[in-house]
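Presented below is the structure to which this report refers.
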Amino acid sequence: MRPSRPLTSEVLAAALARAAVRSGLSDAPPAAEISVPHQAGHGDHSSNLALILARAAKKPPRAVAEALVAALELPPDLIEKTEIAGPGFINFTLSREALWHSVQAALTEGLAYGASGGGAAAPVQVEFVSANPTGPVNVVNARAAAVGDALARCLRARGHAVQTEFYVNDMGTQIDLLGRSLRARLEERLGAGPGTIPEGGYPGEYLADAARSFAEAEARSLLDGADDGRIARRAVEEMLGRQRRDLESYGVAFDEWFRQSALYPPGSQAVFEALETLRAAGFVAEREGAQWFLSTRFGDEEDRVLVRGNGEPTYFLADIAYHVNKRRRGFGRVIDIWGPDHHGHIPRMQAAVRALGHEEGWLEILIVQQVNLLREGTVVKMSKRAGEFVTLADLVEEVGVDAARFFFLMRRTDSHLDFDLSLAKMRTVANPVFYVQYGHARIASLVRHAGAAERGPGLLDGAEPGPMVSDAERILMKRIADFPEVVAGAADAREPHRLTGYLRELAADFHVFYERCRVVGEAPPLMRARLALAAAAGATLEAGLSLMGVSAPESM
RNA sequence: GCGCCCGUAGCUCAGUUGGAUAGAGCAGCGGAUUUCUAAUCCGCUGGUCGGGGGUUCAAGUCCCUCCGGGCGCGCCA
């Protein structure tokens, strides 16, 4: 771990807060917000602090801004110009030295560029995908995998210790049905029985494929035993193995695969302990032979069953026990990423977390919304009844890992996503992932053409920003300097999709620079400066793509 | 019926936690290349931010209401 540097916006916010106290405008340091204006002419960073303080100070915002600026003490060489604009905004323009410092940082830090400190002391857990082991990883799972993995990487870059986890629902009715479905497929394969998929079972071809993949001796042994539970357990292991392989070839590996069954006897009493904890707190009632959680006390629409009339714990109770377990493992914060079919469960889960006495905000639940696959502008139909749906493996085969992961991060997580398969395969500018990767390949080619021995910090030898005076160069440097702010924002707001927008802009800024600024053939001082700048843009593209699990090609 | 998500340019969507003149990409039209990847770049056209009310110095953003689309509402997981 390299030492993390503070963000420019954090430096400015702290300086403004001190200035507010020093100038008597505020007793305690106010939480100053710094934004990065998209409007040219509004500086590189902007603060609305004067507008916020004006009311309490009973002074015009511009007068407050002037008092703040007068009391401002900034680090040397960071800001070239501080001006008051509009109704009272304080706009900062970064110095050339500060911009060049970002170029140096990108080249020196490489894939670690973009990291910033300030992470929580306690580790953060991100749980995602958690697909039922009754079928292949589907496209919504694939979206969740892209989002969860990218978010985990952004959080790490933000300084958090992060653990990723996949929750395996290896209990319950669905697993019984999975086992009986596999039995039918084994019978079919060996000609040893009716081979009928049970009602509500899993008729997809993948189980037949699984049955065929077993050694014949094992297949016979499974069928000979009368124990359906043994087949079910074997089926779970088989499906889990397939899910894990699909996800690994997609570039997503989990730190932990947590089994629901680990919360049940004989190995554990966690499910019943969770029930007793809630009961002791007075939030459990018995009705009609079942045990109910009084979740309406915490704003849920209705109370929820924890233990059924037949004595079986519900999935919900197991989920509560699971979150008790997460808490015991010491996570200071837990982020669950759920599919669209679970969004109705958020109030009851948050109710349970509150009933257990965990602090507000300990559990964050993000919903990954559904995905519509489009081919040539029309929706690709998936038949749930026949158990046929487009899988992660199908998707990767059709468009590749890079396009899949990039496309899943082009939209907000909680928005429905139209995934245009035709566009994802295009080898043109119209395809955003292509455009960004092409930028990286072009930079790699440029550096090769310049005859440089490497694309790293060695390019800084003898390079100074002085000769670079054009807008295109400054804009590109500024974009590179923004990257750590973007990564921090993506992590803090749990919005990894910000990366795709940023990388398209960075690639666009580079392409403009490339069109307007020759590198090879210019006088050595200018050539060295531009080559370092281009390589820094390439390093930033690579670092950003890496946070999304997308490759940065050397040539295309 | 209740709950959640969504509604921004012809299309697909951003909009940095309430900021300054609402931005990209695609599509359309017109341009740029004796030179490092033209797989690129530049310019133009395109908007009652679904409608209406409210909160305030400031609303695409927050609140209320209506319209329209999606999803969810089991002692399944």
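So that the names make sense, note that chain A is the first sequence line, chain B the second, and so on, each numbered from 1. As the structure is a prediction and not an experimental result, all values here were calculated from the model.
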Could you check whether Ile346(A) gets within reach of a base, just the sugar-phosphate, or nothing at all, counting any heavy atom under 4.0 Å?
nothing

Same-atom distance (P) from A77(B) to A59(B), integer angstrom:
49 Å

Comparing nearest nucleotides in RNA chain B, the 5'-proximal residue of the pair Gln174(A), Val520(A) is Val520(A)

Using a 4.0 Å heavy-atom cut-off, does Ser35(A) contact any base of the nucleic acid, only the sugar-phosphate backbone, or nothing at all?
nothing

If you measure from the C1' atom in G51(B) to the same atom in G46(B), how many Å do you get, rounded?
23 Å

Within the 4.0 Å heavy-atom criterion, would you say His511(A) contacts the bases, only the backbone, or no part of the nucleic acid?
sugar-phosphate

Of the listed nucleotides U40(B), A20(B), A77(B), the one nearest the side chain of Glu515(A):
U40(B)

A quick test of your reading: do over 12 heavy atoms of other residues, nucleotides or ligands sit less than 6.0 Å from CD of Glu199(A)?
no

Pairwise P distance for U61(B) and U8(B), with rounding to whole Å
14 Å

Regarding His342(A), tell me which of base, sugar-phosphate or nothing describes its non-hydrogen contacts under 4.0 Å with the strands shown.
base

Mind checking Arg304(A) for me? I need base, sugar-phosphate or nothing, with any heavy atom below 4.0 Å counting as a touch.
nothing

List the steps and the verdict of ring pair (Phe, Tyr, Trp, His ring centres under 6.0 Å) for Tyr322(A) and Phe258(A).
CA-CA 9 Å; Tyr322(A) 178 38; Phe258(A) 190 95; 5.0 Å; yes

Does the side-chain ring of His42(A) sit on the six-membered ring of the A20(B) base, less than 5.5 Å centre to centre and under 30° in tilt?
yes

Look at all strands and tell whether Asn91(A) reaches a base, only sugar-phosphate, or nothing, counting heavy atoms closer than 4.0 Å.
base

Can you tell me which nucleotide in C36(B), G3(B), A39(B) comes closest to the side chain of Tyr514(A)?
C36(B)

Could you give the distance separating G47(B) and G31(B) at their P atoms, to the nearest angstrom?
24 Å

Report the nucleotide, chosen from C76(B), C71(B), C13(B), that has the shortest atom-to-atom distance to any side-chain atom of Pro340(A).
C71(B)

With a 4.0 Å cut-off on heavy atoms, is Gly501(A) in touch with a base, just the backbone sugar-phosphate, or nothing at all?
nothing

How would you label the contact of Ala441(A) with the nucleic acid (heavy atoms, under 4.0 Å): base, sugar-phosphate, or nothing?
base

Can you tell me which nucleotide in U40(B), U37(B), G25(B) comes closest to the side chain of Tyr435(A)?
U40(B)

Please evaluate residues Lys478(A) and Glu473(A) with respect to the criterion salt bridge (Lys or Arg N to Asp or Glu O under 4.0 Å), reporting the C-alpha separation (whole Å), side-chain torsions for both, the decisive distance (0.1 Å), and the verdict.
CA-CA 9 Å; Lys478(A) 171 57 175 24; Glu473(A) 290 157 327; over 6 Å; no

Just wondering, more than 12 heavy atoms not from Lys81(A) lying within 6.0 Å of its NZ?
no

If you measure from the P atom in G7(B) to the same atom in C63(B), how many Å do you get, rounded?
14 Å

Nearest to the side chain of Arg504(A), which nucleotide is it out of C36(B), G25(B), A39(B)?
G25(B)

Same-atom distance (C1') from U55(B) to U12(B), integer angstrom
33 Å

I want to check one thing: is the phosphate of A77(B), taken as OP1 and OP2, less than 4.0 Å away from some side-chain N or O of Arg308(A)?
yes

For Ala85(A), answer base if it contacts any base atom (sugar-phosphate contacts may also be present), sugar-phosphate if it contacts only those atoms, and nothing otherwise; contact means non-hydrogen atoms under 4.0 Å.
base

Where the side chain of Tyr438(A) is defined as all heavy atoms beyond and including C-beta, which of U12(B), A77(B), U40(B) is the nearest nucleotide?
U40(B)

Between G18(B) and C6(B), how far is it from one P atom to the other, in whole Å?
14 Å

For atom P, what is the distance between U40(B) and U17(B), given to the nearest Å?
32 Å

Counting the atoms with a prime plus P, OP1 and OP2 as sugar-phosphate, which does Ala430(A) contact under 4.0 Å by heavy atoms, base, sugar-phosphate, or nothing?
sugar-phosphate

Would you classify Val512(A) as touching base, sugar-phosphate or nothing, given that sugar-phosphate means primed atoms plus P, OP1 and OP2, and contacts are heavy atoms under 4.0 Å?
sugar-phosphate

Any idea which of C5(B), U16(B), A77(B) is nearest the His345(A) side chain?
A77(B)

Just to be sure I understand the rule, does Phe316(A) reach a base, reach only the sugar-phosphate, or reach nothing, if contact means heavy atoms closer than 4.0 Å?
nothing

Using atom OH of Tyr315(A) as one end and atom C1' of C75(B) as the other, report the distance to the nearest whole Å.
16 Å

Distance below 4.0 Å between His343(A) side-chain N/O and C6(B) OP1 or OP2
no

Measuring to OP1 and OP2 of U17(B), would you say a side-chain N or O of Arg494(A) lies under 4.0 angstrom away?
no

Consider the side chain of Ile52(A), meaning its heavy atoms from C-beta on, and name the nucleotide among C13(B), G19(B), A77(B) that approaches it most closely.
G19(B)

Which nucleotide sits closest to the side chain of Thr314(A): C26(B), U12(B), A77(B)?
A77(B)

Dot-bracket for RNA chain B, please, read 5' to 3', with Watson-Crick or G-U wobble pairs under 3.5 Å on both distances, ( ) within the strand, [ ] crossing, | other strand, . unpaired.
(((((.(..((((.....[...)))).(((((.......))))).....(((((..]....)))))).)))))....

Tell me what Asn48(A) touches on the nucleic acid: a base, only sugar-phosphate, or nothing, going by heavy atoms under 4.0 Å.
base

Residue Arg516(A), side-chain atoms from C-beta onward, closest of G3(B), C42(B), A14(B)
C42(B)

Stacking check: are the rings of Phe89(A) and G19(B) less than 5.5 Å apart at their centres and under 30 degrees in tilt?
no

Is it true that the side chains of Arg516(A) and Ser470(A) contain a donor and an acceptor less than 3.5 Å apart?
no

Which is true for Ser555(A) with a 4.0 Å heavy-atom rule: it touches a base, it touches only sugar-phosphate, or it touches nothing?
base

Is it the case that the base of A77(B) and the side chain of Thr134(A) share a donor-acceptor contact (distance under 3.5 Å, atom types as modelled)?
no

Between Glu505(A) and Val447(A), name the one whose nearest nucleotide on RNA chain B is closer to the 5' end.
Glu505(A)

